[in-house]
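Since the structure comes first, as structure tokens, the remarks are kept for the end.
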Amino acid sequence: MITVNEQVFTLHTRRTTYQMKADAYRVLLHTYYGARVGSADLSYPIRHADRGFSPNPNEAGDWRGYSLDTLPQEYSSCGVGDYRLPSLELELPDGSRLTDLRYTGYERRSGKYTLEGLPAFFGGDEWETLVIFLEDAAAQITVELYYGVLEERDLITRTVRVVNKGDKPVRLCRAASLCLDFQRPDLDFITFDGCHVMERCPHRTPLRHGVQSVGSVRGASSHHHNPFVILCSRDAAEDHGVCYGAMLLYSGNFEAAAERTQLEHNRLVMGIHPYHFRWTLEPGAAFTAPEAALVCSPDGFAGMTHQYHRAIREHLIRDPYRGGRRPVLINNWEATEFNFNAEKLVEIAQGAAGLGIELFVMDDGWFGTRDTDLSGLGDWSVNLKKLPGGLEALVPRIQKMGMKFGLWIEPEMVSENSDLYRAHPDWALGAPGRPQTRGRSQLVLDFAREEVREYIYQAMRQILDSAEISYVKWDMNRSLSDVWSAALPPDRQGEVYHRYVLGLYEVLERLRQDYPNLFIEGCSGGGGRFDAGMLYYTPQIWCSDNTDAIDRLRIQYGTSFCYPASTMGAHVSAVPNGQTGRDTPMETRGVVAMSGTFGYEMDLGKVSQEERETIAQQVQRYKDHWDLIENGDYYRLSSPFEEGPFTAWAHVAPDRRRALVSLVTGSMRAAPPFVTLRIKGLDPDLEYRVNGEETYRGDVLAQVGYPVPILMGDYQSLQLVLEAE
Ligand code: DGJ
């Protein structure tokens, strides 16, 4: 996978090649990333031309054709002649902010490098690692660029380790996880943006001159922009054109910035957001940037999606149910919000029992004085008025109905009206002499602080040890503000955002180690922290607080570009929907929810007999096809963002002998057009039986399509089960 020839480093995956080269001045140039080619030196198209106002490094003497400002860089420097986006910014003991990196050596290792305290893709001999060593001799800084190559999945991971070799502290102001220079002008930038209850909607724009960026300074990766972006050729679509996915395995502040330069080239830099980031590197200390993961697909988005999905399932997610099916769940939140007691929960559970539902999740409101969202966070002991006898009494009652038990918790937060806050007001983030900004009437605990983490960890242990709890929904319901930690001196406050994320990862990792069978679902007001970093600890994340099936088509569509169905928590809820007021048929709600990790979130104690029958059928259908849904290849057949008669998608078995195709219509019009659905991913030579009736060849279904019957009424749905004869 990795070849080295005269300081030319070539990484090959099954379908792609990535190359860099240390030149005569030991500057590490990026020479190529794209469809697979040989290992020859690909630096020949790089031009050395004198460009006005692009200065020349000292050792180039009077050679004005050599400038860091015009050459494609593997990891860009700062303040020494490259005026494009920097990758590393240092503040040196003499006050200078200069970084000039030169190649000093490399190491090739079998297997994948590992990271301490940070999420990372993992695996064995199917990986190879390349480490490139760079130095800034004047600053006495070394930089190690790590590359993990997973050939079969076209995945290249990157991370960066910065080491202070000097005898004085140095400040890091930026340490990007990746820099990618493209020597081509014609790229589009696709970002996944939105807001609470409408996350990860794709937006595509041609790159224009200057810097275009997305990011988060909210302390979490956010509902608003996702730490996953795509650069692609102008013609790129699902099945053609080249596209480059760049994913950051990080759950805090991030930035993904793309710049079109004077040469009509493009640079992408991605990593921790430099906003309020200032990290002191003591002599001998090292800083490791979060991992980034690249997939290039030479033939469109679908190929990129499949490689990310497989890599995430096989090499990122640590799932207690690995190889098996996760339980279908019922969650009480939308049915009751805070207004419940043990009898109400049991009534809902009784409604679920007998429908094939296997896990009961008790949501917010079971602890402390939590009768509204104004109080109680931090007091993680059972509210005995609501649940007499505590979990010890409730859990066995649920289990007797044949269901496992799970509960909601929001460990990073504290209410001012709580015993915890009264005892430790300084445990909340907040600067001295400044009243804190509230979000959902709550404050954020300082997870950068060890005693806070220890307290929360012990509180969680007490709950988890008090009854048989197989599932935890870990929520986080506000953005960070007033970021100041009582545990750090003034000149280290720029470390708090990152230390918070490291603290979060530490607690999650401890829980994972101590409770290997516990399944943790991530959540942040739905999808406010839906990122690959969290997925390393929480194999599934509540996709959005918006459970409206029609809005979910958009949210799940955008999410699907890199995150597999198995990571998207998706529930059927009651109508009219609480977020939109929309009525959609139960059947359609089921079709949409079963394209993620399936569950219900409604008062099953109150549904009609007819609805019960539909639910039982849906649960059975999900169980019949879960393997296809969670482990098959996902094809977007049409976009919910484009005008069209329906939104459709397919889950296709890896051997292409089975597929589940789902379709949802929009609002109905009279005299509807006759439409066919062209189905992707099938074997062109196989004959498929559709829903046990007619048969069609794979190539016919792909080119001519399946005749979609007229579905009367708004928001109707159709599922087709395709089985090869
Ligand atoms: C936000 C979550 O996304 C909801 O599902 C629910 O758990 C509430 N928080 C509870 O406060």
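One-based numbering, in listed order, for ligands and for the atoms of each.
- Taking any N or O of Asp545, backbone or side chain, at least one lies under 3.5 Å from an N or O belonging to ligand 1.
- Asp364 OD2, 2.6 Å is the protein heavy atom nearest to atom 11 (O) of ligand 1.
- From the protein, the heavy atom lying nearest to atom 1 (C) of ligand 1 is Asp475 OD2, 3.0 Å.
- At a heavy-atom cutoff of 4.0 Å, ligand 1 is contacted by no atom of Glu410, backbone or side chain.
- Side-chain atoms of Asp551 and Gln579, non-hydrogen and from C-beta on, never get closer than 4.5 Å to each other.
- With ligand atoms numbered from 1 in the order given, ligand 1 contributes 3 (O), 5 (O) to contacts under 4.0 Å with heavy atoms of Trp542.
- Contacts between Asn477 and ligand 1, counted as non-hydrogen atom pairs separated by less than 4.0 Å, involve the side chain only.
- Ring-centre distance between Tyr536 and Phe121: not below the 6.0 Å cut-off.
- The protein heavy atom nearest to atom 5 (O) of ligand 1 is Lys473 NZ, 2.7 Å.
- In summary, the aromatic rings of Tyr250 and His498 are positioned with their centroids under 6.0 Å apart.
- The protein non-hydrogen atom at the shortest distance from atom 7 (O) of ligand 1 is Asp363 OD1, 2.6 Å.
- Taking CZ of Arg449 as the reference point, atom CG of Leu429 lies at 10.0 Å (rounded to 0.5 Å).
- Of all the atoms in ligand 1, the ones that sit under 4.0 Å from a non-hydrogen atom of Gly526 are 3 (O).
- Annotation for ligand 1: atoms under 4.0 Å from non-hydrogen atoms of Arg440 are 11 (O).
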